[in-house]
Amino acid sequence: MRHRLTKKSGNFSEWLIQKLLLLAGISSMLIMALIFVFLFKEAVRFFFTANPFDLIGKWVYDDWEGHYVFKMMWQSISEVPKYSLIPLICGSLLVAFPATVIAGVLGLGCAIYLSELAPSKVREILKPTLELLAGIPSVVIGFVMLAFIATFIQNTFHTKFRLNAFVGACGVALAVLPIMITIAEDAMRAVPKDLRDASYALGATKWQTVWGTVVPAAVSGISAAIILGFGRALGETMIVLMATGNAALVTGNIFSSVRTMTANIAAELGSVAQGSEHYYALFLVGAVLFTFTFVLNLVSEIVLNKMRQKLRM
Amino acid sequence: MSEALLLTLPKLTSQRVRWSEILSDVLVRFFALIPLSALGFIMYMIIRKGAGTITWSFLSQMPLNGMTEGGIFPCIFGTLAITLLMILMALPLGVAAAIYLTEFAGRGFFFRVIRAAVNNLAGVPSIVFGLFGVGFFILFVGRSFDHVLKTGMLFGQPCMLWAAATLAVLVLPVIIVSTEEALNAVPQSQRSASLALGATKWQTIWHVVLPQARGGILTGAILSISRGAGETAPILFTGCAYFLPRLPVVHLFGVIPIVNPFDQFMELSYHIFIMATQSLDAVKTLPIQYGTTLVLISLTFFLNFTAIIFRIHFRKKMGMVSV
Amino acid sequence: MLIAEENQGIGEKTNMGTRTLAGGVLSDREDVTRNPIKIFTRELDMYYGAVRALQGITAEIKERAVTALIGPSGCGKSTFLRTLNRMNDTIPGARIEGTVMIDGVNIYGADVNVAALRRMVGMVFQKQNPFPKSIFDNVAYGPRLHGITDKAVLEHMVEESLKKSAIWDEVKDRLDTSAMQLSGGQQQRLCIARVLAVGPEIILMDEPASALDPLSTAKIEELIHQLRKNYTIVIVTHNMQQAARVSDFTAYFYMGSLVEFGETKTIFTNPTKKETEDYITGRFG
């Protein structure tokens, strides 16, 4: 006869629940893997029919010029479809880079204010404000840029195009600002009080302490915020779709119309025949975009993890 | 007074003006005002321009005359229906994932890998989710269902079901992160008490931990509903319709009206996008654009505001720092 | 008068009980030294990762008696307590070697049902930890887990448990109110009632009165005295007088080892080891 301590009971359901929870637990990993597989599965098919070199440009006979010219263009609806990624990457960078700079400068300032200067009452108002700002749908920001800001910027800078990379960048900066502030502020608040005290004890002023001690100590967190913000800026879709003019040009002019990778997919996937070269090309753009943001997110995650470990020690 | 003291006094009290310090101070304070004023500006402009459009008939009517007149009722209906369907899929999965992470995964390498996956998923561009929705849900899962169940083209086409599933994947990290925070806020002593009474781990989670974390989980759910309601890119190709002359409703047994997850749908954020960029007469439809934006932003603002209030309340109850 | 009292010899019988080294007075009680052994540990080692928290603990704990575990902070007494109902299982990296036998069963055996073990070996924690539920639901929590749903049976069990833990009269009119509204001492007695409701044979107490005021502490000690008749009690305490007042046996732990274990009477009046005497008389660090 078994002792009552060794009577097994109801262990199967417990086991089953644990396995189900494990499955849910790894769901994010599973989804990441599925996204990867289903993007690249379609993306590689592009190379079944097209030349990898096409992703940079194509020699096309130009009727006007009367000879072949090398064209770096994204022109999917054309007699000779051209799928150069250069103008799209160029467009994405021309939006994401200024957006990150704008949001980085503003974000660092806000983070310093929140962690070093703000009285707790002000914090209690500003932090929820940031969340509410983060909660504004990107289509609304896009609409506001399109409806109000674009004209204002055109009149101020006398730009040729009403909708251009800069207008998009301003909108994207607004969209990525809250998360950048949050991460940078967390990093600065994690700087131990001892370090600040040591600086004050040496006779440093408030701002000497901020610039000389707090910001350098939080530099990894701040860089993580910038990297993450850049990743989010690259991935932003609706704002750039509505506010950048959508002309796929290779340009370095920030006031030129551009087309980003994200906007390109959003604008064209709806009208494409599944299984066509064009369809695969769009998935290829998605795969490139996914790779960029994946790497950026991963780097910022690693930087933040390192920082947390250092602080724990 | 001694001579030495007299000499040191002016030094201690001298106010040397440091322009760089003043500049830093002013600049940082000015920067801190920008998010606040941006939010204020957006809200003010949308309310000022959109308030005039909001009438009962605008909220309750179908679009008319090639969408240049009439209301946005089907968009409101579609937004509510799809976010509801989304949260039904995302909440159980996200909560279960967070339970696994906080209660079972430990704090080792595996835990960090899962955390990295969650954070990375949160950073995947929304348009990539759109591609994923098309490639995975519609063409792979949907077509496979149709093939196996012999249902023709029921599953293998853009519809509310797949749009909701795509959004569910997108908001999953939001739910996981906020549920994790809520579960971690439940004191360890509560778990110990239950385990010491002979409860199994799951009984402890179900009867003790989850009830106490309810407020925090609810916060996450509201936040993700708001996020889902505002997203456009993931649903562009997975089920959203430019115009539908009917509501996506089917009558169960011919009588009970329910949302038809196999139908396409109209949606607020998509409606704003097409009205602003692809409308037949973008100037004539401006009031509709402002009105629709006001409706959407009121919805998300209300949801976010509720979530923030809930969270402050929850954190106070659990004795946590509130901001 | 005061001086005269202090000059009375250690270990001498006073009219109240036996005076101890720690200054308290042992109450005279019936002899429990011949009670059967309930818990037996042999060469028990416990590791947290690479750190050895317990080494070679061999002890016999008698049935229906109170055994006090004393020693400085971090000496392993709480760790030892938690090995007895396997609460250390929940700590990642915790590992055990040696045996713990309860009623002749090795509780670390592969076939042991941990939930059943914890039902048999109840535990009261240092900080009272009632669930944020009603008083009734707190006590009924355990029985409900184990499948009792009949309202009448539950009511009976709750009433019995609350009576046994001497809190029934204070709460009988407000069983539906939240347990969080009770005072600290009441909460701790409620936690004891919650343990009693699952029908344990052994009750482990981890400094159950350390967070309470003297009056509540006295009530808990009185309760321990009552429970001793039907339960085997193992109590960790920082308070030497408390150990002397409530326990029949005392174990002195130091740096993960069991230094001395014996009748409280002996330990507190005539310890065999110098370290024990130093600790009890307060000469220790």
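Atoms considered below: every heavy atom in the structure, side chains included; atoms not considered: hydrogens, waters and symmetry mates. Residue numbering restarts at 1 for every chain, and letters A, B, ... go by the order of the sequence lines.
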Engineer: So M238(A) and E231(B), do their side chains get closer than 4.5 Å, heavy atoms only?
Structural biologist: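 Result no, sub-4.5 Å side-chain heavy-atom pair not found.
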Engineer: Just verifying a value: how many Å separate L241(A) CG and L236(B) CG, rounded to the nearest 0.5 Å?
Structural biologist: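 Output value for this atom pair is 7.5 Å.
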Engineer: What heavy-atom pair brings G123(B) and T293(A) nearest, and what distance separates the two atoms?
Structural biologist: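 Looks like O-CB, 4.2 Å.
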Engineer: What part of L298(A) lies closer than 4.5 angstrom to a heavy atom of chain B: side chain, backbone, both or neither?
Structural biologist: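 Both parts, backbone and side chain.
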Engineer: Considering only heavy atoms, which portion of F148(A) lies under 4.5 Å from any heavy atom of chain B: side chain, backbone, both, or neither?
Structural biologist: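 Contact with chain B: side chain only.
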Engineer: If you measure from CD1 on I127(B) to CG on L282(A), what distance do you get to the nearest 0.5 Å?
Structural biologist: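 Here the rounded value is 9.5 Å.
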Engineer: Check each atom of L117(A) against the heavy atoms of chain B and say whether the ones under 4.5 Å are side chain, backbone, both or neither.
Structural biologist: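 Contact with chain B involves the side chain of L117(A) alone.
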Engineer: What I'd like to find out is whether the side chain of F273(B) reaches to under 4.5 Å of the side chain of M242(A), using heavy atoms alone.
Structural biologist: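 Side-chain contact under 4.5 Å: yes.
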Engineer: If every non-hydrogen atom of F237(B) is compared with every non-hydrogen atom of G270(A), which pair is closest and at what distance?
Structural biologist: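 Shortest heavy-atom separation between F237(B) and G270(A) comes out as CE2-N, 3.2 Å.
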Engineer: Is it the backbone or the side chain of F143(A) that comes under 4.5 Å from a heavy atom of chain B, or both, or neither?
Structural biologist: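 When you check distances to chain B, only side chain atoms of F143(A) fall under 4.5 Å.
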Engineer: Is it the backbone or the side chain of L34(A) that comes under 4.5 Å from a heavy atom of chain B, or both, or neither?
Structural biologist: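 Both parts, backbone and side chain.
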Engineer: Less than 4.5 Å to any heavy atom of chain B: does that hold for the side chain of Y279(A), its backbone, both, or neither?
Structural biologist: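 Contact with chain B involves the side chain of Y279(A) alone.
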Engineer: Please examine the side chains of D25(B) and W207(A), heavy atoms only from C-beta on, and report whether any two atoms are closer than 4.5 Å.
Structural biologist: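 They are in side-chain contact.
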Engineer: Testing L101(B), L121(B), L93(B), N119(B) for side-chain contact (heavy atoms from CB on, under 4.5 Å) with S28(A), which one passes?
Structural biologist: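 In the set L101(B), L121(B), L93(B), N119(B), the residue that makes a side-chain contact (heavy atoms from CB on, under 4.5 Å) with S28(A) is L121(B).
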Engineer: Can you tell me how far the CD atom of E131(A) sits from the CZ atom of F305(B), to the nearest 0.5 Å?
Structural biologist: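 That separation rounds to 11.5 Å.
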Engineer: I need the minimum non-hydrogen distance between N304(B) and G135(A), along with the two atoms involved.
Structural biologist: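 Taking every non-hydrogen atom into account, ND2-CA, 3.3 Å.
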Engineer: Side chain, backbone, both or neither: which part of L234(A) has an atom under 4.5 Å from a heavy atom of chain B?
Structural biologist: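 For L234(A), neither part sits under 4.5 Å from chain B.
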Engineer: Out of L303(B), T293(B), V134(B), return the one with the most heavy atom pairs under 4.5 angstrom to chain A.
Structural biologist: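 Highest number of heavy-atom pairs under 4.5 Å: T293(B).
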Engineer: Let me know if M29(A) has heavy atoms under 4.5 Å from chain B in its side chain, its backbone, both or neither.
Structural biologist: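 Contact with chain B involves both backbone and side-chain atoms of M29(A).
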Engineer: Can you tell which part of L228(A) gets under 4.5 Å to a heavy atom of chain B, answering side chain, backbone, both or neither?
Structural biologist: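 Nothing of L228(A), per the 4.5 Å heavy-atom cut-off to chain B.
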Engineer: Less than 4.5 Å to any heavy atom of chain B: does that hold for the side chain of I35(A), its backbone, both, or neither?
Structural biologist: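 Both backbone and side chain.
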Engineer: Taking the side chain as every heavy atom from C-beta outward, state whether L21(A) and W202(B) have any pair of such atoms under 4.5 Å apart.
Structural biologist: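 With C-beta onward as the side chain, the pair touches.
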Engineer: Between L296(B) and V139(A), is a side chain to side chain contact (heavy atoms under 4.5 Å, CB included) present by the stated rule, with each step listed?
Structural biologist: CA-CA 10 Å; L296(B) 176 65; V139(A) 73; 3.9 Å; yes
Engineer: Looking only at heavy atoms and a cut-off of under 4.5 Å, which of G130(B), A122(B), G94(B), P158(B) has the most pairs with chain A?
Structural biologist: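 Looking at each of G130(B), A122(B), G94(B), P158(B) in turn, A122(B) comes out on top.
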Engineer: Heavy-atom distance under 4.5 Å to chain B: side chain of E116(A), backbone, both or neither?
Structural biologist: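 It is neither, since no heavy atom gets under 4.5 Å.
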Engineer: Once you round to the nearest 0.5 Å, how far does CZ of F31(B) lie from CG of L106(A)?
Structural biologist: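 One finds 5.5 Å between CZ of F31(B) and CG of L106(A).
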Engineer: Looking at L296(A), I181(A), V105(A), which has the largest count of heavy-atom pairs under 4.5 Å with chain B?
Structural biologist: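 Most pairs with chain B among the choices: V105(A).
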Engineer: Does some side-chain heavy atom of V144(A) sit less than 4.5 Å from a side-chain heavy atom of F41(B)?
Structural biologist: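 They are in contact (side-chain heavy atoms under 4.5 Å apart), so the answer is yes.
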Engineer: For L133(A), is it the side chain, the backbone, both, or neither that has a heavy atom closer than 4.5 Å to a heavy atom of chain B?
Structural biologist: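 Looking at L133(A), backbone and side chain both touch chain B.
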Engineer: Which atoms of V210(A) are under 4.5 Å from chain B, going by heavy atoms: the side chain, the backbone, both sets, or neither?
Structural biologist: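 Neither part, no heavy atoms under 4.5 Å.
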Engineer: Chain B heavy atoms under 4.5 Å from I149(A): which part of the residue, side chain, backbone, both or neither?
Structural biologist: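 For I149(A), the contact with chain B is made by the side chain alone.
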Engineer: Rounded to the nearest 0.5 Å, what's the gap from CG on L22(A) to CD1 on I114(B)? Could you check?
Structural biologist: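 The distance works out to 7.5 Å.
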Engineer: When only pairs under 4.5 Å are counted, which of P92(B), S20(B), S24(B), A32(B) shares the most heavy-atom pairs with chain A?
Structural biologist: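 Counting heavy-atom pairs under 4.5 Å, the top option is S24(B).
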Engineer: Atom CG in L146(A), atom CD in Q289(B): separation rounded to 0.5 Å?
Structural biologist: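 If we round to the nearest 0.5 Å, L146(A):CG and Q289(B):CD are 7.5 Å apart.
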